[in-house]
Each structure stands twice: as structure tokens, then as C-alpha cells.
Amino acid sequence: MRPATPLPFVRVLTWACRGGLCAFIGLYTLCAVLNMQLGYQGNENTELTALVWREWRHVVLGQVARLLTAHTVLGLLAGLGLGLGAWGVGVKRWSAAFLWGLGGSLLLALLALLGDMAHHPHLYAATLYTRAEWTRALLLAVSQTSPAPWRALAALLITISPVLALWRLGRERRGEVRTPRRAPAALKPLGVAVLGALLMGLLLAWNPGPVASERPRRPNLLILASDGLRPDHLSGNGYPRLTSPNIDRLMREGSHFEETLVQIPRTGPSWTTLLSSQWAGQHPIRHTMVGPEARAQSFPTLATALREAGWRTEVLSDYAGDIFSRLPLGFEHVSAPAFNFPELIRQRMLITQVTLLPWTALVPSFFPERQQFPELTDPSPLAASTRRALDGFRSDEPFALLVFASVTHFPYAAPHPHEGQFLAPGERGPWRFGATPQMEPPRVSPSDSDKAALVANYDASVLAFDAFVGRTMEELERRGLAEDTLVVVLSDHGEHLEESDRGMGHGEHLWGGEALRVPFILRWPGKVAAGREVATRARAIDVAPTLLELLGVEAPARFQGRSLASQLTPEREPAVLEELPALLETDLWFSDRDGQRYQQFRLPYPWLYETMRAEPGTGDLSLKPEWEETVERARHRGLYLGRWKLLELPTREGLRVELYDVRADPEERHEVSAAHPEVVAELRARLHRERTWGESTESY
């Protein structure tokens, strides 16, 4: 009996590709079968799932086609690469070539998954942490390990196959082996092609960036912001954990305000107020789910003022910054993800494909919804975008760049190496990988260890943002721009982290200052005092006028805030300024049944599943017009003025008024309206007067 001879090259590749294709299609099918329910950050609703299938079936089917295409391409490429190795070792049966492609593809997918799981464990928690005990154990075991070994093994598996093929070619040339059919000519220049691709990649990756040959005639502005960043969790403000060494350095080299207050602690309306220097109500962005009419209106902002004065204006953001692509905030260039119902469907379908997720970063343009994952808020891609933006600015024109990160937004998904750094050893509770406010009440109240895990994840996210700030400052210094750039650290709101009865998240209520206070740090050597803590209370509407005055640009006439630049002058003690009211409002309520305390003190309207609409054509999410008046009437409102904080809470039983002495009671735990009726009367009159802006400001 004649000994079996090695299979020809083409047959080996054909069967190996079939094996790789079967592996990846099987992985797609497994993930799809195990994750059929549409949910968003733990919130699932059967009616919403039915609506998606009824109204957006074409989006679902289109995403299925894209996912299948991606798995098909990956399977064929994996089989092709592994087939080279199978041919290199001289497989003699088609079944061996098939198993080589199948088993190698599964091993490659596993190694890639483990590497990405170690880097971004929060991304996999939604589908693995509560799926089964073994998937939970796997995620816990892999998290807080380095992704490097897993990725090195995957890279070794990918590279060993062409090495084996080249080794066999060498043996053939020496006459050590004989085959029934030589490798096609296309294989011979394989090494040259691979080497050329590697050299091209190195040339593309090597980009030292332009070094400014001359100093700009006017200063630059760089705003580094993160969603939900609390100033009291910065180590430079006395927080016991070392969460912000780079931001602390900016505080030492510049000035920061002791207290800066936002009006509506939700991203869209808050950023609009910060940039327009107008209260919500003066500008048209009244709440998070504004409709197309409000989004179509234009108004002056910090960006429009700087653009008209000759600055290049640009904003970069990841997940939470979709408002910059949806709202008219005046930036010349916007790089921010979209957020609409079709994109939400694609996003939620993609996140269930856990074996595909590691590969989506290779060709991000094929799956742009990857940028929208709340569970994937690694600032590294944002840092790369920031470097590219800095490279694109000319040295003879000033730039104004706003970079908005999302890592400190729930679910507080810090990447490796910061993930889990502050967790208690052995933490395995439901909030081990962060948490998100839920639309319905929890089945079990969070324990003290759960709350500690929540804060630990948040603090790790602060540390991740701080590292991004440090890298960005290094980029400025490398380009020689650090001395000519006004650097600002800012946020749109703070966060409630289950302190007492205040819940989690932001925007639902106005109790306490955790969601209302934001950092406002400014560094500009020689122009801004170093190491100064400014006692004057800053309001959201004061931010843009302050920055414009520092940059030497006149503020638009419609701006309502005042500049606090005089408080920042070096070598001069700041003058005492008159206290002005800081207005406060809640945003719309997403739920009417989440069990939180604010539900007891509000006018009722249904939850978001009933009040929200997906606009025809675009799928943009907005409030149904018939609910606008109800939402407006139901808002909680208030103000800070001097030592007092006043709240007005419309309820079924009538208006509830609360008063807090924030100097004697900085945590705002003791309501004292009964003891100070004259203060209540005065502040209520002031609140009403401040909110009658229509008489003095053009209505939009």
C-alpha cells in the first residue's frame, strides 16, 4: 500500500477555510441563540423588544447580515492563514486540513476573546457575568490580568502558519520533500508581501507630529472634560484615594474654583448652558430628549464666538458625547457618535457577539456603533483622536479643542490597568463590574459591599481619565504648546453614588450637591495664578464668558453669565464679588417606577417607554410633543444663593418647598424652611424673578 502523500496546496487551503468558516459561523449562532432579548445597560422590556421587531425589522435584519458578513470574512481569513500552516506541516487528509482550520480558528477566537476580556472586562459583563456560574468565574479570573500574554499567544498562532509554509518551501528547494503539486507562484512572494505590509504599517504608525517652528500669535484653548466627573473624588481636593495625580498637577500649576454648579445635571442641557452662557429656557435645549425643532435652532456659543474671532474649533467625544453631533453648539469640526434608535439596535445586537467584539477594533469603520458602547469607555481611542487633531492644527492659527470622555459615566467601565484597582479583594457582587440606574426597582436592595464596589469602579474610572489628561499634556509639551494653551478641566455634571437615599445617576433630583458640582480647573502659565483656590461660586453660565475674557475675545451680547477672569489674575488677590443665584432644575424623568425617593415628591407622568418616540426617517429619540407641557410643569427647581439652597418640588398635594443652609450643613441633610420663613419668601421671589428672562432676552 502506497504511503499517503501530502495534500496539494489549494486543497489544503480550501478545507482549512471551510473549517475556519464553520468555526466563526458556529460562534455567531451560539451568541445569537443565547442573547435574544434587547436590553440597554441592564434595562430590558418585552414591549420594547416587540416594537423593535415590528417597526425596525429591516434594521435588525441588516445588522444580522453585517454580523454574518464579519464572521464569514474572519472565518475565511483565519482558515486561509491557518491553512498555510497545515500545508507547511504536510497534512495528508482533507479531514486533518478541515480540523486544522476549525480548531485553530476556535483557539484564535478564544485567545482574542481572553485578551480583550482582560483589557475591557466591563464590555463582557452584560452577557457573561450573570449568564452562568462558569462564565462568571471565567470573567472574574481573566479580569485584572494583563491582556498582553493572551494577545501574544494569538499573535504567535497567526504568525506561525506562514513561517511553517516558508519552512516547507525551503525544504522543497533543498529537495528534502516532494509534493504532487508545487505551491502556486503566488506563494513565493508571500514573504516579500508580508514584509512590505509590515514596513508600510511601521511607516504609517511612525508619526512624530509637527513641532511648531514659531509660537502662535494667539493662545489656544484645550478643554478636557469627562462625563459625571465629581470634584470631591479628586485627590487634589482631599479625597483619600490617589485618583488624579495629573489633574492635581494642573491644580498646583493653575487655579480652580472651590464650587462650580450646573443647572440641569444631564449632558445635553448642561453642555448647552455651559457653552451658551444662557440658562435652559433662554436657550432651546430644555431637556435630554429635545425634538427636531429645538435641535434646528441656532444660538451663540463659546465655539461660535471663537470661530468668528479666527480660532479653529473642534470637539471630540466618545459614547456620551452624541449630543455634539445632534445639537447646534457651533463647532466647526465634530467627531462624536450618533445616537438614534437604529444605532441603538445595532449596538445592542453587536454587544451580544462576544467572540466578534475583539476584532471590531481592527476595522472600526465597519462597526461604528462600537463607539457607542457605555461599557467600552476606554479613553485610549480618544487620546489617539486628540493626537491627530493636534497634528492637524496649523502653527499660525489658534485652536479651540474640546475633548469629552465618558469613562466616568455609568457603568464606570475603566479599562486595564485601572479596572478593579480599588475593589475589595474577592469582590463578586452584582456591581463588581459597575452599575447603571434601572428603570424598575431592584429585586434586592444593594448591600454596603455593593455600594463600596460602585464607588471603587467610579474611582478607577477617575484614575483612567486622569491618565488620559496626563498623556494629553505630554502631547502638548512635546509640540511646544503647553505654555501657549489655556488648559481647562471641566465636566457637565456630577454623579450620585448611592449616598444614603440619593440613589445612583444624575438628573432625577436636586438633593445634595453630588450631581450639581463639577470641577473647573484652569492652567495657563503666567496668565492664570498658580495654586489658587477661588472661593467665589462659579455658575455654569459663567464658564464661557470667563474663558473668552482670558483669551481676549468679546463675549456675545446674549451671554447671561459674568466673567470670573479677574479672580484668576496672577500676583493679585481676587476681589470679593457679589453673590449671584445659581439656578437648578431636574431633567425629564425616565422612569415612574424605579423605587427611588424622588418618586414620592413629583407630578406623575409615564416612563420613557411611553413618552419617547423614534422620529420617522432618522430614528432620533425625542419626547412626544404632547408630553412637553407636563414635563415642564413637573420639574423640580431651585437655586443656590449665598449660604442658602432653595428647592421647589411640585407634587400631587401641591408645591413642596425646602431650604438648606449649605454652610452649616454642607451635605444638605437638614431641611430648615420652617425655621426661616423670611428667607424662603425672599428666595422664592428671587427664583421667580430670575426665571422671567423672556422680558429681557430674545425668545427662541
Side-chain angles (χ1 to χ4, degrees), residues 37-56 59 126 227-228 264-270 280 285-295 319-320 322-323 326-327 337-348 372-374 409-411 435-442 492-493 495-496 503-510 515 585-616 618-636 650:
Q37 182 77 3
L38 178 70
Y40 188 71
Q41 298 194 64
N43 291 289
E44 296 182 351
N45 182 267
T46 55
E47 295 178 7
L48 182 62
T49 302
L51 171 67
V52 167
W53 186 246
R54 184 174 66 251
E55 302 292 337
W56 303 94
V59 176
D227 197 305
I264 299 178
R266 287 258 174 86
T267 300
S270 185
I285 310 304
R286 294 293 292 122
H287 53 70
T288 297
M289 296 290 179
V290 292
E293 297 81 6
R295 298 197 303 269
Y319 148 64
D322 62 276
I323 57 109
R326 298 171 61 234
L327 302 182
F339 185 79
N340 52 49
F341 212 67
E343 290 299 315
L344 186 61
I345 295 170
R346 296 185 188 102
Q347 176 198 139
R348 292 297 97 187
Q372 303 166 18
F373 286 143
H409 188 286
F410 52 73
T436 296
Q438 298 296 292
M439 299 280 282
E440 299 187 70
D492 50 348
H493 53 73
E495 290 285 296
H496 292 291
M504 184 196 313
H506 48 267
E508 289 83 9
H509 64 80
L510 304 174
E585 293 188 12
T586 52
D587 196 55
L588 59 81
W589 289 301
F590 294 147
S591 176
D592 62 350
R593 63 196 71 182
D594 59 13
Q596 298 297 318
R597 177 173 175 253
Y598 73 90
Q599 299 286 1
Q600 306 170 33
F601 305 101
R602 54 162 287 194
L603 295 177
Y605 54 81
W607 61 351
L608 196 64
Y609 296 132
E610 299 178 43
T611 59
M612 177 191 71
R613 66 170 180 172
E615 296 168 13
T618 64
D620 285 326
L621 302 177
S622 62
L623 188 68
K624 293 177 181 177
E626 59 266 29
W627 290 107
E628 289 282 357
E629 183 179 348
T630 301
V631 167
E632 185 67 22
R633 187 173 64 252
R635 291 176 183 274
H636 294 174

Before we go on, tell me: are the rings of His506 and Phe410 under 6.0 Å apart, centre to centre? yes

With under 30° as parallel and over 60° as perpendicular, where do the rings of Tyr598 and Trp589 fit, or are they tilted in between? parallel

So, Ser622 side chain and Gly291 main chain: donor-acceptor pair closer than 3.5 Å or not? no

So does Trp607 get a backbone contact from the side chain of Arg593, meaning a donor-acceptor N/O pair under 3.5 Å? no

Distance (rounded to the nearest 0.5 Å) between Arg295 CZ and Leu327 CG: 8.0 Å

Under a 3.5 Å distance rule, please check whether Gln372 uses its side chain to pair with a backbone N or O of Phe339 as donor and acceptor. no

How close do Ala515 and His493 get, heavy atom to heavy atom, and via which atoms? O-CB, 3.5 Å

Can you tell me how far apart OG1 (Thr630) and CG (Leu588) are? Round to the nearest 0.5 Å. 12.0 Å

Quick one: are Asp592 and Tyr605 in side-chain contact, heavy atoms under 4.5 Å? no

CD1 on Ile285 to CD1 on Ile323, rounded to 0.5 Å: 9.0 Å

So, for Asp587 and Arg286, which heavy atoms are closest and what is the spacing to 0.1 Å? OD1-O, 4.2 Å

Any side-chain donor near an acceptor of the partner, Glu508 and His636, under 3.5 Å: no

Where is the tightest heavy-atom contact between Glu343 and Ala338, given as atom of each residue plus distance? CG-CB, 4.4 Å

From His287 atom NE2 to Leu623 atom CG, the distance as rounded to the nearest 0.5 Å: 4.5 Å

Please step through side chain to side chain contact (heavy atoms under 4.5 Å, CB included) for the pair Arg348 and Phe373, ending with a clear verdict. CA-CA 8 Å; Arg348 292 297 97 187; Phe373 286 143; 3.6 Å; yes

Using the six-membered ring wherever Trp is involved, compare the ring planes of His409 and Tyr319 and label them parallel, tilted or perpendicular (cut-offs 30° and 60°). perpendicular

Which atom names give the shortest non-hydrogen contact between Pro437 and Gly505, and what distance separates them? CG-CA, 3.9 Å

Between Gly619 and Trp56, which heavy-atom pair has the shortest distance, and what is it? CA-CH2, 3.8 Å

Once rounded to the nearest 0.5 Å, what's the spacing between atom OG1 of Thr267 and atom CG of Asp227? 3.5 Å

Residue pair Arg597 / His509, side-chain heavy-atom distance below 4.5 Å: no

Can you tell if the side chain of Gln347 reaches within under 4.5 Å of the side chain of Pro374, non-hydrogen atoms only? yes

Is there a side-chain contact between Met289 and Leu608 in this structure, where contact means two heavy atoms from C-beta onward sitting under 4.5 Å apart? yes

Distance-only polar pair, side chains of Asn340 and Thr618, donor-acceptor under 3.5 Å: no

So for atom CD, which belongs to Glu629, do other residues, nucleotides or ligands contribute more than 12 heavy atoms lying within a distance under 6.0 Å? no

Kindly compute the distance separating CG (Leu621) from CE (Met612), expressed to the nearest 0.5 Å. 5.0 Å

I need the minimum non-hydrogen distance between Pro292 and Arg613, along with the two atoms involved. CD-NH2, 3.6 Å

Tell me yes or no: between the side chains of Arg635 and Thr586, is some donor less than 3.5 Å from an acceptor? no

Will you find, in the side chains of Gln599 and Arg602, an N or O donor that is under 3.5 Å from an N or O acceptor? yes

